[in-house]
Amino acid sequence: MSKSTYDADGITLEQVREYVWEIPQEGDMRAPARVLASEALLDEIKEDKTLEQIKNTTHLPGITNYAICMPDGHQGYGFPVGGVGALDAENGCISPGAVGYDINCGVRMMRTNLTYDELQGHEEELVDSLFANVPSGLGGGGIVEAGVDTVDEVLERGVEWAVENGHGVEGDLLHCEDEGHREEADASKISQKAKDRGKNQIGSLGSGNHFLEVQRVTDVFDEKVGEAYGLEEDQIVVLIHCGSRGLGHQTCNDYLRKIEQQHQGLLNQLPDKELAAAPAGSQLADDYYKAMNAAINFAWVNRQLIMHRTRQVFERVFDRPWEEMEMDLLYDVAHNIAKKETHEVDGEQRELFVHRKGATRAFPAGHPEVPKAYRDVGQPVIIPGSMGAGNYVLRGGENSMDLTFGSTAHGAGRLMSRTQAKDEFWGGDVQQQLEEQDQIYVKAQSGATVAEEAPGVYKDVDEVVRVSDALGIGDKVARTFPVCNIKG
DNA sequence: ATGTTC
């Protein structure tokens, strides 16, 4: 019996096993590419340049095992969103396009002990107060408007800076990936222009798909893990999705231009200029890594300030201290990062720059980098769906280290461009429908943003999560549904 | 994603 194949207009994928497809190595590819998806998801993934892009990434020097496209993959700048590339940290390279423009775009979930019953009737007051108190939209205006010295501290110290300056508590550090601080950060590697863009954006949501959402837990699929995560049905939680704003964007741009200029030889070997990479050990690889780590710290501070401000808003709306409402950080996960990690490859321990772009770290139970509180069950993984579909909490699955360098998907993944979305939807209509049909209260700076983020522009998050769960890379723990949503 | 076309 011949192997099952999937023909995607010029690219043929061979099925390795259920939900695992391979683009075999050929020509100048340095490894195969793998796509983790159902056929239903492949039907959507093949519609843009995702497959060509994941194939292109296998040309990067040092690519280890295979390049991986997650079930929510879609076209990105050079490297697909939903892509994982582990590049040898000694003989490989590091690629800003494989991290993404929005460095450490990510999500954090905060628990409360409120129930949906207690919140009902307060939705409009809450959404208005959140919208008034959490800066959003394009341009400047943050919770903190910083001077140069403060920006440098934020860049080098991450969430430690926030906690020391009254924007959180010690416990917040423990429930953040890397405890909210990348040691290798060096603020001097971030340009003045990037700092200028970021200094008045510390504590701001931004625009696009970024949001703050109050949600209710509708399902707990795994009681044991749910208990470890402090989640139960009807509980209110808050999900914050944002990144490093103009600072991260400028940093990505700065280094792409430098790398294009200084590493033309490597660039010429790559099928797409947008994959520009700095060879491991070069000055620029070192500088970019330090700058990226600083931008990662900036994004964590951004989410920390927004979370702490949200506590204060809840205090006013529900008239009691946030501690009494047990508003603790469940976890903060990065969606756009690279990190030097040690992984077992062919029985050998190897140092790799694991690039996760639109992909989530998903370390399994027992991994030393999983916070103590969750070590026995695995790292929390938070997957936002669209604002009408709901969201998932997963836990790092036991197969993630073998299959995906400890990673899984990051969201639903777009189905259409922002331009197309605005042709098909009208923000006001979307807003009205969500409120009338699903009692979801949305407030945004711009109607265009609501249209761009309409539920219909996203893939089916249930299907993405089903594949992650079936592969054992990220297992279903709980599902949440929106109550209030604010965005840019 | 993004001082939304360096």
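Below, chains carry the letters A, B, ... as their sequence lines are ordered, and counting in each starts from 1.
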For [X], report the nucleic acid contact type (base, sugar-phosphate, nothing); a contact means any heavy atom under 4.0 Å.
X      : value
A/Q201 : sugar-phosphate
A/R245 : sugar-phosphate
A/S207 : sugar-phosphate
A/G243 : nothing

Value in whole Å for how far the [atom2] atom of [N] lies from [atom1] of [X]:
X      : N     : atom1 : atom2 : result
A/E453 : B/dT2 : CD    : P     : 11 Å
A/Y101 : B/dT5 : OH    : C1'   : 13 Å
A/D254 : B/dC6 : CG    : P     : 14 Å
A/D102 : B/dT4 : CG    : P     : 15 Å
A/K273 : B/dC6 : NZ    : C1'   : 11 Å
A/K258 : B/dC6 : NZ    : C1'   : 16 Å
A/D196 : B/dT2 : CG    : C1'   : 16 Å
A/Y77  : B/dT4 : OH    : P     : 17 Å

- Task: Run through A/E177, A/R303, A/R182 and flag the one making a side chain to side chain donor-acceptor pair (under 3.5 Å) with A/N104.
- Result: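 The single option meeting the side chain to side chain donor-acceptor pair (under 3.5 Å) with A/N104 is A/R303.
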- Item | Plane angle bin for A/W161 and A/H167 - parallel if under 30°, tilted between 30 and 60°, otherwise perpendicular |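 Parallel, since the angle between the ring planes stays under 30°.
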- Assign the ring pair A/Y374 / A/Y229 to parallel, tilted or perpendicular, where the plane angle (0 to 90°) is split at 30° and 60°.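 It falls in the perpendicular class, over 60°.
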- Hey, which of A/Y288, A/Y289, A/Y101 is the one that makes ring pair (Phe, Tyr, Trp, His ring centres under 6.0 Å) with A/Y255?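 In the set A/Y288, A/Y289, A/Y101, the residue that makes a ring pair (Phe, Tyr, Trp, His ring centres under 6.0 Å) with A/Y255 is A/Y288.
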- How do A/R418 and A/N253 order along DNA chain B: which one's closest nucleotide is nearer the 5' end?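 Nearest-nucleotide comparison on DNA chain B picks A/R418.
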